[in-house]
Structures are given as structure tokens and as C-alpha cells.
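Everything numeric here is computed off the predicted structure, so don't read it as measured data. All residue numbers in this chain count up from 1 along the given sequence. When reading the values below, keep in mind they use all heavy atoms of this one structure, side chains included, and skip hydrogens, waters and symmetry mates.
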Amino acid sequence: MSDSDLRAFYLRYLAELNAHEFGRMEEFISDRTTLNGEPATRDDLLAVQKADVAAVPDLHWELVELLFDGDRLAARLVNTGTPVREWLGVPATGASFEITEYAIYQVRDGRFVHMTALHDAAELRRQLTR
């Protein structure tokens, strides 16, 4: 895929993710992938995403920066939301969060085969418990 194809692919993925259209993820995520370096299936990954959205129904990812290197892409995103139930070990208090996420992906045959994401969990917890 060219850089422009990868950009269009990622923007479609992000739009579906923000719409919480998990039934559309087959288009973007390979049957077998890795998640943060560990072998996973698409269903494993979707279970994580669905659990996050169940706890944070307004969970939103905003793309700030997108870089390409062959079949790999890196994204800097801002994640926002307000948990309505316990999430990541923190009870829901009505507090919202806004954190930066760094994500790295590899695309093969038009779908993600490696997905890694990193965010400051301590900052997230700080914002939710202040």
C-alpha cells in the first residue's frame, strides 16, 4: 500500500473505531495479529475494545500525527472520555480524561497484523481520581 492508501485505510479504521462499529473491524484487522507484542486474534482485540467502550461509552480517538515507513505506520492520538463504570481499576467518579496515545501498526494484505499502543496509565488514573 502507498502512503496515501495507508492514510486512507487508517482514517477509515479510526472513523469506524470512533463510531464503535466493531462489526466492521474484519475489514481492518487480520484474523491473527499481535497486540502489544503478544499473539492475538481479531476477537481478542475486539474484546478489549468492546470492554473499553462499555466502561467509557464516549471513548474517542483524535488523530494528531500519522507517519509511514513502508508497511508500518505510527500514530499520535489524543484519547478522551468519561468512564461510567470502573475502568482500569478506577471507580467511575464522573471525571473525564484526555491523554496522548502512541500507536504503531504493520499492515499486510490490507489489514493490521501487528498493533501496539502506549499511553501514560498513571496520568490517566491521576485524571480520573482527582
Side chain to side chain contact (heavy atoms under 4.5 Å, CB included) partners of Ser2, counting only residues at least two apart: Ser4, Asp5
Residue pair Trp87 / Asp52, side-chain donor-acceptor N/O under 3.5 Å: yes
Closest heavy-atom pair and its distance - His119, Thr100: CB-O, 3.4 Å
CA sep, side-chain torsions, deciding dist, call: Leu17, Gln49, side chain to side chain contact (heavy atoms under 4.5 Å, CB included): CA-CA 9 Å; Leu17 191 59; Gln49 291 176 337; 3.6 Å; yes
Test item: Ile99 and Asp120 side chains (from C-beta on) under 4.5 Å apart, heavy atoms: no
Flag if over 12 foreign heavy atoms under 6.0 Å of CZ, Arg32: no
Check: His114/Thr34 side-chain N/O donor and acceptor closer than 3.5 Å: yes
Working for side chain to side chain contact (heavy atoms under 4.5 Å, CB included), residues Met115 and Ile29: CA-CA 9 Å; Met115 303 174 80; Ile29 303 167; 4.2 Å; yes
Test item: Thr41 side-chain N/O and Asp44 main-chain N/O as donor-acceptor pair under 3.5 Å: yes
Gly81 versus Val56, closest heavy-atom pair with distance: CA-CG1, 3.7 Å
Non-hydrogen atoms of Thr82 and Asp58 that approach each other most closely: N-OD1, 2.8 Å
Worked check of side chain to side chain contact (heavy atoms under 4.5 Å, CB included) between Leu66 and Leu73: CA-CA 7 Å; Leu66 189 59; Leu73 56 100; 3.7 Å; yes
Closest approach of Arg125 to Leu88 (non-hydrogen atoms, all atoms of both residues): NE-O, 3.3 Å
Linked, directly or transitively: Val53 and Val78 (ILVMFWY side chains, under 4.5 Å): no
Salt bridge (charged side-chain N to carboxylate O under 4.0 Å, His left out) evaluation trace for Arg111 with Glu27: CA-CA 7 Å; Arg111 294 193 289 178; Glu27 178 183 339; over 6 Å; no
Exam field: side chain Asn79 to backbone Leu59, donor-acceptor pair closer than 3.5 Å: no
For Glu16, all residues meeting side chain to side chain contact (heavy atoms under 4.5 Å, CB included), sequence neighbours excluded: Glu21, Arg24, Met25, Phe28
Heavy atoms of other groups near Asp69 CG, more than 12 under 6.0 Å: no
Path from Tyr13 to Leu118 over hydrophobic side-chain contacts below 4.5 Å: no
Cluster overlap Leu11 with Val107, hydrophobic side-chain contacts below 4.5 Å: yes
Derivation of the side chain to side chain contact (heavy atoms under 4.5 Å, CB included) call for Tyr10 and Phe112: CA-CA 10 Å; Tyr10 190 72; Phe112 296 125; 3.9 Å; yes
Tyr102 reachable from Ile104 in the ILVMFWY side-chain graph, under 4.5 Å edges: no
Nearest non-hydrogen partners of Ala92 and Pro83, listed with the distance: CB-O, 3.6 Å
Atom of Val84, atom of Ala54 and distance for their closest heavy-atom approach: CG2-O, 4.0 Å
Plane angle bin for Phe22 and His20 - parallel if under 30°, tilted between 30 and 60°, otherwise perpendicular: parallel
